[in-house]
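Working notes, beginning with the structure itself.
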There are 2 protein chains.
Amino acid sequence: MSWSRHGRGPGERGYHHGNLREALIRAALDLIVEKGPGGFTFAEAARAAGVSAAAPYRHFRDREALMADVARQGFQRFEAALAAAWNEGRPEPLRAFEDLGKAYLRFAREEPAYYTAMFESGLPLVLDGELRQASERAFQVLRGAAETLCGLLPRPQRPPALMLALHVWALAHGIASLFGRGDGARRALPMPPEELLEAAVLGYLRGLGFGAQG
Amino acid sequence: MSWSRHGRGPGERGYHHGNLREALIRAALDLIVEKGPGGFTFAEAARAAGVSAAAPYRHFRDREALMADVARQGFQRFEAALAAAWNEGRPEPLRAFEDLGKAYLRFAREEPAYYTAMFESGLPLVLDGELRQASERAFQVLRGAAETLCGLLPRPQRPPALMLALHVWALAHGIASLFGRGDGARRALPMPPEELLEAAVLGYLRGLGFGAQG
DNA sequence: AGCTCATGTGAACGGCTTTTACATCAAGCC
DNA sequence: GGCTTGATGTAAAAGCCGTTCACATGAGCT
């Protein structure tokens, strides 16, 4: 399946690109990971795709719209990664919850461009309905897992699932944001981020009344 | 006390500004809070100070150096705010630790420009020794508090203080980053961030073996 | 008064964003 | 096949920003 360029040899193209929208998104991902969300440039993405600086405006309203599209796509993949790790609580809720946490950090580490666009690009989440919904759906995976977990506890000591979800999200995001990128630009850690998160979540859950054995 | 402008009336100035360095930092703080770390512009800071676009280069190597100076100053104030809240563990370590957490979020809320420059401007912390040291000193306040807290537990169940400090830092930063700014641009919360953090820390500490009563 | 150095100016260069008028081409229709 | 049309690309231009450079100003010292 020709991914672009209507049957011409690789590297060539005619007047039209054939898949500029996708090419721009890929270029944006590379640039974001390389120079941060602020360093990414519409013009450079256009150069990477081999088109003029004005061409991207046929596919995105402006630079921010491209960033928002990257973030939206990122939230979709994030949701899928989290849902796969949670796996509806199998084989066992506490274990699946740990897998969910690991998947969170793995996504931040392996898809730093998406994660950056999603959480550190300064996009006004409120203004873009689709973006907000994508982010909401990803959070609902975590929230659902929290509901299942809370359901394990006897009613009188059952904490609000929303609160549990927010706590774990903040923890995971804090670790990802402060220590979680491969570059280690911000701070060295005495242990891998995954272990740091696992220890924190286990301690936190124990405090909530979950037995240490699960 | 004339804050600038050698005795001229307010709003006027001669060829020299008199306090351009400080004026640029103040302008940067205003712009960062208004348009984010990426929207802040060297040229606009210069306009706000009433000087030409080239003048700032007499005081900062480049735009990033001004941002780094803002961040460095922010870390110093941050350290002072955290140390004052911790107050060497008085009146009582667990209570002082909660105060420390509240001070963290209060700083993020009341000084969003500093907090943004410190944690969300994409500054390469590693490259600037002074910046790194300022950030390190702020973290040491948290670390010291964690040491004191851990000292309360009997040796066999005593967790590593560094780990406790990292956990609480990640939690506080996660909450500040996701929900902590006044604008609420990212997500609404069913409770104030301070309460969210307090509940998380209390639960976490309980799991570590701290009695609920302190 | 005169010197000097820190500090500010204006002009210039290159890069980025965005808009506008125009070019190209694939596809459908006669 | 020729024509029209709409999507997609281009070049050029205006405006902003970062940065540098040669030059101007003036505060403080001698």
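Side chains included, hydrogens not; waters and symmetry mates left out as well; all remaining heavy atoms used.
- The salt bridge (charged side-chain N to carboxylate O under 4.0 Å, His left out) check on B:Arg95 picks up B:Asp99, with sequence neighbours excluded.
- Taking a cutoff of 4.0 Å between a charged side-chain nitrogen and a carboxylate oxygen, B:Arg143 and B:Glu147 qualify as a salt bridge.
- If you take NE2 of A:His17 and C1' of D:dT10, they are 15 Å apart, rounded to a whole angstrom.
- A:Leu20 has its CG atom 16 Å from the P atom of C:dC25, to the nearest Å.
- In this structure, A:Asn19 places its CG atom 17 Å from P of D:dA7, rounding to the nearest Å.
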Letter per nucleotide, 5' to 3', of nucleotides 15-24 of chain C [B base touched, S only sugar-phosphate touched, - untouched; heavy atoms, 4.0 Å]: -SSBB-BBBB

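- For residues 68-77 of chain B, every residue pair satisfying the side chain to side chain donor-acceptor pair (under 3.5 Å) rule, not counting sequence neighbours, is listed here: B:Arg21-B:Asp69, B:Asp69-B:Arg72, B:Gln73-B:Tyr114, B:Arg77-B:Tyr114.
- Contacts of B:Glu34 classified as salt bridge (charged side-chain N to carboxylate O under 4.0 Å, His left out), with partners at least two apart in sequence or in another chain: none.
- With sequence neighbours excluded, no residue forms a salt bridge (charged side-chain N to carboxylate O under 4.0 Å, His left out) with A:Arg47.
- In this view, A:Arg61 satisfies the salt bridge (charged side-chain N to carboxylate O under 4.0 Å, His left out) rule with no residue, not counting sequence neighbours.
- Neither OP1 nor OP2 of D:dA7 sits under 4.0 Å from any side-chain N or O of A:His59.
- Look at CG on B:Leu24: it is 12 Å from C1' on C:dT7, rounded to the nearest Å.
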